[in-house]
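Order of appearance sets the numbers: ligands from 1, and atoms from 1 within every ligand.
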Amino acid sequence: MKKVNVFAPASIANLGCGFDIMGLALDEVGDVLEMSVRDGDGLTIVNRSGVPLPEDPEQNVITPVIRKFMELTGNRAQVDVVIREKIFPGSGIGSSSASSAAAAFGINELFGAPLSEEEVVLCAMEGENLASGGYHADNAAPAVMGGIVLIRGYEPLDLIKLPVPGDFYCAVLHPHLVVSTKEARSILPPKVDMHAAVAQWGNVGGLVAGLYSGNIGLVGRSMRDAIAEPYRKGFIPGFDELREKVLQSGSLAMNIAGSGPSVFALADRREKARKAGEIFEQHFAARGIDYHSYVVKVSNRGARLIAY
Ligand code: HSE
């Protein structure tokens, strides 16, 4: 029998302009799985995280990830997974991706790493598909690879790890409002208006240029979303007013985190992120909405083996 403990970080998808094609990994917050393999053919998943998850293994994102790994590598084994730590589902920081990325990375390590990093992401995307009804990698890729990742293309998967200039911090607030990723995707129109598309690809180019050149101002003003936000911001009471306050307090950008309803602010100093976090808290408290909030550093490290 072989056994590993794996950590995969929380992540924030879209980064404003990069709907389905950009995401970043966060420091320290994430999922921990204990995984082992032995002779046989099967999968058990035991949840010891204290976070409620579906009992049915077919509804757990880890199951399709392990199946995809076995399919790609032609292996068979009895795989036993214990979920030790888990980000609360619906928190807006890639809860399903953290489990999917940890499972994909861990199973690959247990078999001597036969898959490339991109193939590990492909396996993790199976979990995302189960959770949200779509094969997007903007949480899964940063959760596996760390840092800020651009998905240049999906067919075939083409991943580019972008530089993170300096120390970036995110304030994230998860309002206790229920909006599933499936629902947040279903309200988006199937076609994009040309004017919005022009704004969006200008911003994607600006964001990539800003990250490579270390131009923090360019990073901030490029993190604007003309495609999904106009539809999704309706889930977040007072969204425009909140953004104005957060930007005035010194953050570089404020956006919906992934498909929402969580919001995040990006700042180039921990203090500024803390300030944004306070504004977030006051905003939702004033509306009688409960929340969880965090201030976390953007991390260059993705899924990894840990001592537990
Ligand atoms: N890119 C996905 C979406 C992320 O916006 O629907 C889901 O977290």
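- With a 4.0 Å cut-off on non-hydrogen atoms, Asp138 touches ligand 1 through its side chain and not its backbone.
- Near Arg185, with a cut-off below 4.0 Å to any heavy atom, the atoms of ligand 1 are 1 (N), 2 (C), 3 (C), 6 (O).
- Annotation: His292, atom NE2; neighbour count of heavy atoms from other residues, nucleotides and ligands within 6.0 Å does not exceed 12.
- Residue contacts with ligand 1 include Arg232, since one of its heavy atoms falls under 4.0 Å from the ligand.
- In terms of protein heavy-atom proximity, atom 7 (C) of ligand 1 is nearest to His136 CE1, 3.6 Å.
- Using a 4.0 Å cut-off between charged side-chain N and carboxylate O, Arg243 and Glu229 make a salt bridge.
- A 6.0 Å sphere centred on CG of Asp56 holds more than 12 heavy atoms belonging to other residues, nucleotides or ligands.
- Looking at atom 8 (O) of ligand 1, its nearest protein heavy atom turns out to be Asn139 OD1, 3.2 Å.
- A distance-only check finds no donor-acceptor pair linking the side chain of Asn60 to the backbone of Pro54 [under 3.5 Å].
- Between Phe69 and Phe111, a ring centre-to-centre spacing shorter than 6.0 Å is recorded.
- Distances between N or O atoms of Thr181 and those of ligand 1 include no value under 3.5 Å.
- The proximity of Glu229 to ligand 1, defined as any non-hydrogen pair under 4.0 Å, does not occur for either the backbone or the side chain.
- Here is the list of ligand 1 atoms found below 4.0 Å of a heavy atom in Phe19: 3 (C), 5 (O), 6 (O).
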